[in-house]
Amino acid sequence: HMGKRQIRISGNKLQQHTLVLPERPVVQVVLRNRVVLAGKLLHLSPETITVLDMRRSKQLLPTDQLLEIIYDVEADW
């Protein structure tokens, strides 16, 4: 039985996750204004992130607007 586990990364810790996040097929980006974007994280820099959303359009977002990024991982238990 493979379960799913949600990983939540707060906006101010993003730089510690620059390698793992772009490898995820889908992440959810939660902004401070409660807007949620789902898509693939293409690029992560200290100032901005770039997300390819479900409509295949690129969204450039300032990192200071980020509340958190959430993604699912397969859990082994």
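Excluded from the calculations below are hydrogen atoms, water molecules and symmetry mates; all remaining heavy atoms, backbone and side chain alike, are included.
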Listed pairs under 3.5 Å, donor-acceptor, residues 31-38 side chains, sequence neighbours left out:
residue	atom	partner	partner atom	Å
Arg32	NE	Asp64	O	3.1
Asn33	OD1	Val35	N	3.1

Got a sec, which residues hit salt bridge (Lys or Arg N to Asp or Glu O under 4.0 Å) with Arg55, two or more places apart in sequence or on another chain? Asp53
By salt bridge (Lys or Arg N to Asp or Glu O under 4.0 Å), Arg8 pairs with (sequence neighbours left out) Glu68
Rounded to the nearest 0.5 Å, what separates atom [atom1] in [X] from atom [atom2] in [Y]?
X	Y	atom1	atom2	result
Tyr71	Arg5	OH	CZ	8.5 Å
Gln28	Gln6	CD	CD	6.5 Å
Glu47	Thr63	CD	OG1	6.5 Å

May I have the list of side-chain donor-acceptor pairs in residues 14-27 shorter than 3.5 Å, sequence neighbours left out?
residue	atom	partner	partner atom	Å
Gln15	NE2	Ser45	O	3.2
Arg24	NH2	Asp72	O	3.0

So do Ile49 and Val29 actually touch side chain to side chain, heavy atoms under 4.5 Å? yes
Using links of under 4.5 Å between side-chain heavy atoms of ILVMFWY residues, direct or through other members, which residues join Leu42 in one cluster? Leu52
Report yes or no: do [X] and [Y] belong to one cluster of Ile/Leu/Val/Met/Phe/Trp/Tyr joined by side chain heavy-atom distances under 4.5 Å?
X	Y	answer
Ile9	Val51	yes
Ile7	Leu67	no
Leu44	Leu61	yes

Apply side-chain contact (heavy atoms from CB on, under 4.5 Å) to Leu60 and list each qualifying residue two or more places apart in sequence or on a separate chain. Thr48, Thr50
Salt bridge (Lys or Arg N to Asp or Glu O under 4.0 Å): pairs with one or both residues in residues 10-19, sequence neighbours excluded: none
